[in-house]
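Everything below concerns the one structure shown next.
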Amino acid sequence: MPLFSSKKQQEHEAKRSIELGKEFIANASHELRTPVTIIKGFAEMLRDIPEISQEMFDSILEKILRNCERMESLVKNLLLLADLDQLAEIKKEECNLSLLIENCSYQILSIFPDAYIETLQNGSDIKVQASADLLELAIMNLLQNSVKYSFADKIPHITVTIEKKSNNSVILSIEDQGIGIAKENLANIFDRFYTVNKSHSRKLGGAGLGLSMVKIIIDKHNAEIHVKSELGKGTTFSIHFPST
Ligand code: ADP
């Protein structure tokens with residue numbers, strides 16, 4: 001009986017994995033098709049309208065370029081996701097989280113000079129075992145989201161907290177005062193291609209891949225990620241690093 005059910009389970013898992021693969025390809029193709037269609041339409045316009053004003057020409061060119069950039073970023077993220085999926089084990093070393101946060105905040109402020117990032121920590125030079133490059137990628141994604149999903153008419157205010165516990169575990173929290181996420185959407189936000197509002201995400205240059213990459217990275221660190229959010233009030237992501 002156990003043999004039979006485990007074989008059935010294996011079959012079920014194999015089927016599910018094929019379904020997920022198909023779903024992934026359909027989603028990726030759909031996301032890529034949109035900018036391609038837009039680029040094609042504008043290129044045809046440039047070809048077919050014989051006398052076009054310089055202003056119109058510049059505006060069309062701008063739209064073509066924006067959609068090329070969107071495709072470029074999508075393909076970059078798809079390749080990154082494939083690399084992360086294939087990573088069997090990551091190489092962890094001592095990583096100064098305080099310094100990493102300082103570095104990430106600096107990068108965010110150079111992209112979004114209006115943002116305000118406050119860092120609180122119960123110690124200096126708090127360290128975790130991590131792959132610094134991967135952790136940086138995850139933190140940058142979370143910080144970028146906290147700016148992207150802030151209110152358009154408010155200065156983004158982000159509080160980063162690094163807390164070292166007595167058992168040497170570390171909790172890193174990134175809290176924003178942005179638009180928040182409704183309860184019914186929270187369970188899906190780490191899914192590939194999941195966006196709460198597709199057109200809003202597209203406008204901000206996202207396709208719903210960022211948090212799925214963050215989740216893979218955090219899982220590879222044997223750490224956990226949790227999210228708390230209130231619509232209209234803000235969102236907090238916290239990463240729990242195990243004690244070393
Ligand atoms: P996207 O490319 O859409 O930003 P992500 O995977 O990074 O994709 O995030 C998935 C969804 O989760 C987003 O579409 C957004 O609706 C929601 N989300 C992520 N971070 C935040 C945040 N800090 N505040 C509000 N909503 C967020």
Side-chain angles (χ1 to χ4, degrees), residues 20 23-24 26-35 66-67 69-85 101 104-105 107-109 111-112 114-119 134-161 171-220 224-239:
L20 284 176
E23 204 180 297
F24 182 79
N27 277 324
S29 311
H30 180 76
E31 287 298 327
L32 282 167
R33 195 177 56 186
T34 311
R66 203 168 343 117
N67 280 280
E69 277 159 18
R70 199 171 132 201
M71 270 171 60
E72 202 175 23
S73 133
L74 191 64
V75 170
K76 194 181 104 196
N77 281 337
L78 287 171
L79 290 173
L80 240 159
L81 205 56
D83 283 349
L84 286 171
D85 271 341
I101 290 296
C104 290
S105 304
Q107 290 182 59
I108 290 291
L109 292 175
I111 314 170
F112 307 103
D114 285 343
Y116 177 74
I117 306 177
E118 177 185 22
T119 305
L134 289 179
L135 193 54
E136 178 175 334
L137 187 67
I139 293 170
M140 283 298 288
N141 254 294
L142 294 174
L143 286 174
Q144 254 162 354
N145 275 354
S146 56
V147 179
K148 266 168 51 181
Y149 298 104
S150 59
F151 289 103
D153 57 348
K154 264 173 112 183
I155 289 180
H157 186 129
I158 302 148
T159 309
V160 181
T161 311
I171 302 179
L172 166 70
S173 313
I174 297 176
E175 178 183 357
D176 67 53
Q177 300 177 2
I179 61 173
I181 306 167
K183 240 194 189 124
E184 64 268 25
N185 300 119
L186 270 180
N188 299 101
I189 57 163
F190 293 105
D191 294 350
R192 292 173 187 198
F193 294 108
Y194 182 82
T195 54
V196 172
N197 179 333
K198 192 124 269 177
S199 74
H200 186 210
S201 279
R202 273 197 186 142
K203 258 190 224 143
L204 302 171
L209 290 176
L211 285 182
S212 59
M213 289 197 277
V214 171
K215 178 80 170 73
I216 298 177
I217 293 172
I218 299 310
D219 285 350
K220 298 259 179 215
E224 284 177 16
I225 183 160
H226 301 282
V227 56
K228 272 197 312 202
S229 189
E230 199 178 333
L231 209 54
K233 290 261 161 62
T235 304
T236 305
F237 284 93
S238 40
I239 302 173

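As the structure lists them, so they are numbered: ligands from 1, and atoms in each ligand from 1. In what follows, residues are counted from 1 in the order of the sequence shown.
Between Tyr194 and ligand 1, not a single N/O pair is under 3.5 Å apart. Considering backbone and side-chain N/O atoms, Thr195 never comes within less than 3.5 Å of an N/O atom of ligand 1. The shortest N or O to N or O distance between Asn145 and ligand 1 is below 3.5 Å. On a distance-only criterion, Asp176 and ligand 1 share at least one N/O pair closer than 3.5 Å.
From the protein, the heavy atom lying nearest to atom 25 (C) of ligand 1 is Tyr149 CB, 3.4 Å. Counting only heavy atoms of the protein, atom 12 (O) of ligand 1 lies nearest to Ile189 CG2, 3.7 Å. Ranking protein heavy atoms by distance to atom 5 (P) of ligand 1, first place goes to Leu211 N, 3.6 Å.
For atom 2 (O) of ligand 1, the choice among Gly208, Ser146, Ser150 with the nearest heavy atom turns out to be Gly208. Within the set Gly206, Ser201, Ala182, the minimum heavy-atom distance to atom 3 (O) of ligand 1 is found for Ser201.
Distance alone, capped at 3.5 Å, is enough to place a donor-acceptor pair between the Ser105 side chain and the Ile101 backbone.
Under 4.0 Å from ligand 1, the heavy atoms of Ile181 that appear belong solely to its side chain. Only backbone heavy atoms of Ala207 (N, CA, C or O) come within less than 4.0 Å of ligand 1; its side chain stays farther off. Residue contacts with ligand 1, taken as heavy atom pairs separated by less than 4.0 Å, involve Lys148 solely via side-chain atoms from C-beta onward.
Every heavy atom of Lys198 sits 4.0 Å or more from the atoms of ligand 1. For Gly178, the closest heavy-atom approach to ligand 1 does not fall below 4.0 Å.
When each atom of ligand 1 is checked for a heavy atom of Val196 under 4.0 Å away, the hits are 14 (O), 16 (O).
Leu211 contributes atom CG, which lies 11.0 Å from atom OG1 of Thr195 (distance to the nearest 0.5 angstrom).
Taking the six-membered ring where the residue is Trp, Phe237 and Phe190 present perpendicular rings, their angle passing 60° and hence far from 30°.
At most 12 non-hydrogen atoms from other residues, nucleotides or ligands lie less than 6.0 angstrom from NZ of Lys76. Counting heavy atoms of neighbouring residues, nucleotides and ligands inside a 6.0 Å radius, atom CG of Leu204 exceeds 12 of them.
Here the shortest heavy-atom pairing between Asp191 and Ser212 reads C-CB, 4.2 Å. Across all their heavy atoms, Leu81 and Phe24 have their closest contact at CD2-CE1, 3.9 Å.
With no hydrogens or angles considered, a side-chain donor-acceptor pair links Thr235 and Ser229 at under 3.5 Å.
With respect to Asp176 and Lys233, no salt bridge is recorded, no charged nitrogen being found less than 4.0 Å from a carboxylate O.
Under the 4.5 Å side-chain criterion, counting only non-hydrogen atoms from C-beta, Thr159 is not in contact with Ile174.
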